[in-house]
Undergrad: 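Before we start, here is the structure in question, set down as structure tokens.
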Amino acid sequence: MRLSQTTVRLALLISAVIVSSPLALAAEPDPWKVYPDGLPDGANALRYNIDANVEISRQHIDPAGKQDWENAKESLAVDLREAIGLLPWPEKTPLNVQVTGRSERDGYTIENIAFQSFPGFYVTANLYVPKGIEGPMPAIVVTAGHSMEDGKNYDLYRTAQLGLVREGYVVLAYDPVGQGERKLPGNAHTVSYPAMLVGHTNLRYMLWDSIRSLDYLETRSDVDPKRIGIAGNSGGGLNTMYAMPVESRFAAGASFCCLCSYEAWIKDGGDHCICNHLPGIARNMEQFQFVGLAAPRPFMAGNGQKDPIFPIAGTRDTIRRAQQIYGLYDSADRVALHDVPAGHGWSKPLREAGYGWFNRFLQGRGDGSPVAEPEIALEPKESKDLLVFKDGKLPADAKSYIELVREEANRLVQGYQSVPSDSAGYAAWSKNLRKQLWETLGGKPVAVNSTPEEHGVFAWEGHSVKRLSIQTERNLEVPALLVQPESATGPLPLVIVLDAGGKKAAMESATVRRLLEQPIAVLALDVRALGEGKVKANQCASDAIVLGRPLLAQQAWDVIVAARTLSGQDDFGKVAVYGRGSAGLIAMLATALSDEIDAVVTEWTIASFVEAIADPLPQPMWAYAPNILKVADVSQLSALCAPRPLLWASPVDGKGKGMPEASSKQLFEPVLAGYQATAAKAAPQLIVGKDGEQVAGDFLIKTLAQ
């Protein structure tokens, strides 16, 4: 039967009306969600970290006078270098400079240069030398922003480089790690997360490359060592604005499209590269203060008024406050902001402002006003004359960023004090280590005493499931599911189950069903930023780093508070924590830092933070706690759990594969020493190469039944 067009249209119209009906669209609420209408601000870890950063940033006040600033600036300089990872200064090893090519152009020469900022860590650079200028010339180190494929040879950056050459500057432009000719496996910018485990950052390596570039320029007879400046845009602006206070030999600097304020940038700037984030920096200073550390050397910020990631209001406030510090040295005119009605990028008006700024302070000509940029023709970026290594390969002895970080991690771990196996020695060691951990992780938060809020109850497989929210900090709560066997009476043991996939994934575990059959109560907990509380991973983790309280530590605190809150109720007895996968790190850290937890189990969890140092990242961003390897590895955290029952079930390596038995046993030795010292009733257990979930269930049932 054939339908008329009118009939078909009518049928489609009726269908559309039915589908668009609110009744038709209505779906059953997800029973596993505590917040069916979406994550509230009070449970949003990103919102929490943004607000905490803003609050702490507002506490940094302007100096009362010159003496006040003089008293403060030395400790600020130390704090800055420590946050970057340049305290102590790295050893200045031989640069081993190679000139791999030289080519002539109209008005300048290009030299292709490679040097080693650290042994085996090759920096690829182009040196542009103006022709026809007598005597030593001023020079500028130009640092590239985020142009991963092209690096120093990105068209916009080459335009600035050649514009400076035309103004009479020797220009050294290099590829930052992970960009251009250095865009290689092991050099990704996300490596800053594992680098922070050892107290390093991307900025540490970026700044050191700039400092060693300056070292190289000082060796050249055609460069005046007293007139070397630094400039860059975006990520290069980041490099510039931190290089100025850190390295006093830079005579002038111009940072484009990066300087702001921590308050404005974190509050309104969005999700940034981890390059921008320094551990605890917001606690120690605001940006006007590190700009002030460069006084009275000339510093200019050039920003776009419409730049969404570095709000102009923050930049203006920072420069205004920095000018007050420069004014203490009668040099308020040596710090300035040039902003233009543009977005993010090294636009022509900003480049012209830079030419005028450097001409005034490095050449003594002009009043610092912008200098017009002539038409600049660019050769193809693929030109062999722009490449340092013509075959596209670094030398065979080249080391990656990851390799350097791993070397430092191994050095730190090998230097740990052995876990004492005697009672008195262990007591002193554990007390000191726990103190060091709290200091490293940002301090122990203020305890919150509150009753969990109920959000409804439902039945699941014969059990009662309560939807709960548990307040763990003044401005934060976390969601959880409390599962209690219906037929159980009297106080029950409780297992807090953590899974990187959230509480719903935890509930799918066969172990959870086994525990409930015993009967043992289960709290499937979504620590902040996981499961139902999931937010932008990079933004939340990196903002927590700036705050000085890494997300891993915040999540461990959620577990500690949840354990304390529920163990204080009449319904529950012993409390154990069971961490699956990456969440095992949260479980172990929480147990190491508290006394509220009676037993801990990790399953398929990485056995050492050193194994987490890889590219691409083998662990979630939240798992990387800055500086923790300066204090302890997973083994030492586990030893802190003594004498409470502990199980490593099927530990894994950096690739997520089962850790070989020999390696596992070696990592477990410090744990055994700690348990020996405390005369624990039960030895800690390590199970390798077996069904982790089955073993975890057996252990928890046996432990909690005692």
Side-chain angles (χ1 to χ4, degrees), residues 31-32 452 454 457-468 470 478-499 501-527 531 558-581 583-584 586-588 590-591 594-605 641 643-650 681-682 684-685 687 691-706:
W32 305 106
E454 293 191 18
V457 182
F458 66 96
W460 173 71
E461 297 189 1
H463 308 298
S464 171
V465 183
K466 291 182 182 178
R467 302 184 191 92
L468 302 178
I470 302 171
V478 293
L481 298 173
L482 177 60
V483 190
Q484 294 172 277
E486 288 280 13
S487 58
T489 59
L492 292 179
L494 174 73
V495 176
I496 299 175
V497 184
L498 308 174
D499 192 294
K503 61 183 180 302
K504 190 171 182 179
M507 294 300 295
E508 294 171 355
S509 162
T511 297
V512 167
R513 288 177 169 82
R514 291 184 62 202
L515 294 173
L516 293 169
E517 290 170 358
Q518 293 310 303
I520 296 172
V522 168
L523 183 78
L525 179 67
D526 277 343
V527 294
D558 292 339
V559 177
I560 292 170
V561 174
R564 178 188 303 148
T565 301
L566 293 178
S567 65
Q569 297 184 358
D570 294 337
D571 292 343
F572 306 109
K574 292 180 181 178
V575 177
V577 180
Y578 169 35
R580 295 158 51 84
I586 304 172
M588 193 61 72
T591 309
S594 71
D595 297 316
E596 286 85 1
I597 297 165
D598 299 302
V600 60
V601 173
T602 64
E603 175 198 329
W604 293 108
T605 300
C641 299
R644 293 162 290 176
L646 174 147
L647 167 67
W648 284 12
S650 305
K681 291 182 180 179
Q685 293 190 32
I687 304 296
D691 184 341
E693 186 158 7
Q694 178 67 38
V695 170
D698 292 344
F699 181 87
L700 286 166
I701 291 168
K702 180 180 178 181
T703 297
L704 296 176
Q706 293 175 351

Undergrad: What's the spacing between Ser464 OG and Leu516 CG if we round to 0.5 Å?
TA: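 Rounded to the nearest 0.5 Å, the OG-CG separation comes to 11.0 Å.
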
Undergrad: How about Phe458 and Trp32: are their ring centroids closer than 6.0 Å?
TA: yes

Undergrad: State the CG-CD distance between Leu523 and Gln484, to the nearest 0.5 angstrom.
TA: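 Reported to 0.5 Å precision, the distance equals 10.0 Å.
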
Undergrad: Could you report the tightest heavy-atom contact between Asp691 and Ser650, atom names first, then the distance?
TA: C-OG, 4.4 Å

Undergrad: Between Asp598 (side chain) and Ala576 (backbone), is there a donor-acceptor pair under 3.5 Å?
TA: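 No: the side chain of Asp598 does not pair with the backbone of Ala576.
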
Undergrad: If I compare all heavy atoms of Pro519 with all of Leu492, which pair ends up nearest, and what's the gap?
TA: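 Looks like O-CD2, 3.7 Å.
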
Undergrad: Which pair of heavy atoms, one from Thr605 and one from Gly581, lies closest together, and at what distance?
TA: OG1-O, 2.7 Å

Undergrad: I would like to know whether Met588 and Trp648 meet side chain to side chain contact (heavy atoms under 4.5 Å, CB included); could you show each step before the answer?
TA: CA-CA 10 Å; Met588 193 61 72; Trp648 284 12; 3.6 Å; yes

Undergrad: Does Glu596 have any side chain to side chain donor-acceptor pair (under 3.5 Å) partners at least two apart in sequence or in another chain, and if so, which?
TA: Arg564

Undergrad: Apply the side chain to side chain contact (heavy atoms under 4.5 Å, CB included) test between Lys503 and each candidate in Asp526, Leu525, Val497; give the one that qualifies.
TA: Asp526

Undergrad: First locate atom NZ of Lys574, then atom OG1 of Thr703, and finally report the distance between them rounded to the nearest 0.5 Å.
TA: 7.5 Å

Undergrad: Between Arg467 (side chain) and Pro31 (backbone), is there a donor-acceptor pair under 3.5 Å?
TA: yes

Undergrad: Within the structure provided, determine whether Ile597 and Val559 are in side-chain contact (heavy-atom separation under 4.5 Å).
TA: yes

Undergrad: When rounded to the nearest 0.5 angstrom, what is the spacing between CZ in Arg513 and CD in Gln518?
TA: 14.5 Å

Undergrad: State, to 0.1 Å, how close Pro493 and Ile520 come at their nearest heavy-atom pair, and which atoms those are.
TA: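 Looks like O-CG2, 3.4 Å.
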
Undergrad: Any non-hydrogen side-chain atom of Pro645 less than 4.5 Å from a side-chain atom of Lys702?
TA: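 No, every pair of side-chain atoms sits at 4.5 Å or beyond.
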
Undergrad: Show your working on side chain to side chain contact (heavy atoms under 4.5 Å, CB included) between Gln685 and Leu646 and close with a plain yes or no.
TA: CA-CA 6 Å; Gln685 293 190 32; Leu646 174 147; over 6 Å; no

Undergrad: Looking only at non-hydrogen atoms, find the nearest pair between Ala649 and Val695 and report the distance.
TA: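 Minimum heavy-atom contact is CB-CG1, 4.4 Å.
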
Undergrad: Ignoring hydrogens, what is the shortest heavy-atom contact between Arg644 and Ser594? Give both atom names and the distance.
TA: NH1-O, 2.8 Å

Undergrad: Let me see the working for Ile586 and Val527 under side chain to side chain contact (heavy atoms under 4.5 Å, CB included), right down to the final yes or no.
TA: CA-CA 9 Å; Ile586 304 172; Val527 294; 3.9 Å; yes

Undergrad: Would you say Arg514 and Asp698 make side-chain contact, with heavy atoms under 4.5 Å?
TA: yes

Undergrad: Between Leu482 and Leu494, is a side chain to side chain contact (heavy atoms under 4.5 Å, CB included) present by the stated rule, with each step listed?
TA: CA-CA 9 Å; Leu482 177 60; Leu494 174 73; 4.0 Å; yes

Undergrad: Considering only heavy atoms from C-beta outward, does the side chain of Glu454 approach that of Leu468 to under 4.5 Å?
TA: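 A side-chain contact under 4.5 Å exists here.
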
Undergrad: Rounded to the nearest 0.5 Å, what separation is found between the NE2 atom of His463 and the CD atom of Glu517?
TA: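 Result: 7.0 Å between the selected atoms.
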
Undergrad: Side chains of Val483 and Val512: does their closest heavy-atom pair fall under 4.5 Å?
TA: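 Sidechains of Val512 and Val483: no contact.
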
Undergrad: Can you tell me how far the CG atom of Leu647 sits from the CG atom of Leu700, to the nearest 0.5 Å?
TA: 7.5 Å

